[in-house]
Each structure stands twice: as structure tokens, then as C-alpha cells.
Amino acid sequence: MTIDERIERLTERHEALAQSVEIVTHDIAALTQSVETTSRDVAALTGHMANMMQAITRPGNTGAIHNLQIQDIESRLTRLEQLK
């Protein structure tokens, strides 16, 4: 194998390697963008879930307060009946 043939093979390998690096760089950029988009989506979903949890909890709290009010009224009625 002559020096010219060796240089030509090295040049071909260099070009193939440069193309591979370019493809990998492009793939990394695409993955980075995908991860950033996914992170934003997860943050938005987390905010929505927090709002949903508050909305779910509110009626339960309201129900508990109403139950306490009913118990208070019932106890007052019982005391009034005992006074008669």
C-alpha cells in the first residue's frame, strides 16, 4: 500500500467520522429539545394536578363543616328539649 493510498483511506475515515459526529450532534440537540419540552409539560401537568387536588379536597372540607354545623344544631335542639 502506497502512502497516497494510506492518505486516501485516512481521508475517507476522517470524512466518515466527521459525518458520524455531525449526526450525533444533531441527535443530541434533538434529544435536548425533547427533554426540555417534556420538562415543561411535566411542570404544567404538576400545576394542573395541584389545582385538581384542591378542587377535590374543597367539597370534602365543605361537607365536614356542614356536618359539624348539623351536629351543633342537633345538640342545641337536644338541650332545648331537655329544658322543657
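Every value quoted in this text rests on a predicted model; they were computed, and no experiment measured them.
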So, taking the atom named [atom1] in [X] and the one named [atom2] in [Y], what distance separates them when rounded to the nearest 0.5 Å?
{"X": "H66", "Y": "Q71", "atom1": "NE2", "atom2": "CD", "value": "13.5 Å"}
{"X": "L45", "Y": "M52", "atom1": "CG", "atom2": "CE", "value": "9.5 Å"}
{"X": "I70", "Y": "I65", "atom1": "CD1", "atom2": "CD1", "value": "12.0 Å"}
{"X": "T78", "Y": "L83", "atom1": "OG1", "atom2": "CG", "value": "11.0 Å"}

Are any side-chain N or O atoms of E5 and backbone N or O atoms of T2, one a donor and one an acceptor, separated by less than 3.5 Å?
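Yes.
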Considering residues, nucleotides and ligands other than M53, do more than 12 of their heavy atoms fall under 6.0 Å from its CE?
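No, not enclosed.
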Might you confirm whether atom CG of L80 has over 12 heavy atoms from other residues, nucleotides or ligands at distances under 6.0 Å?
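Enclosed: over 12 neighbouring heavy atoms sit under 6.0 Å from CG of L80.
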Return all side-chain donor-acceptor pairs below 3.5 angstrom for residues 31-40, not counting sequence neighbours, or 'none' if the list is empty.
{"unit_1": "T32", "atom_1": "OG1", "unit_2": "I28", "atom_2": "O", "d": "2.8"}
{"unit_1": "T37", "atom_1": "OG1", "unit_2": "Q33", "atom_2": "O", "d": "3.0"}
{"unit_1": "T37", "atom_1": "OG1", "unit_2": "R40", "atom_2": "NH2", "d": "3.4"}
{"unit_1": "T38", "atom_1": "OG1", "unit_2": "S34", "atom_2": "O", "d": "2.8"}
{"unit_1": "S39", "atom_1": "OG", "unit_2": "V35", "atom_2": "O", "d": "2.9"}

Test: salt bridge (Lys or Arg N to Asp or Glu O under 4.0 Å). Region: residues 52-74. Which pairs qualify, not counting sequence neighbours?
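Output for this query lists D72-R76.
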Could you pull out every donor-acceptor pair under 3.5 Å between side chains of residues 10-21 and any protein atom, sequence neighbours left out?
{"unit_1": "T11", "atom_1": "OG1", "unit_2": "I7", "atom_2": "O", "d": "2.7"}
{"unit_1": "S20", "atom_1": "OG", "unit_2": "A16", "atom_2": "O", "d": "3.1"}

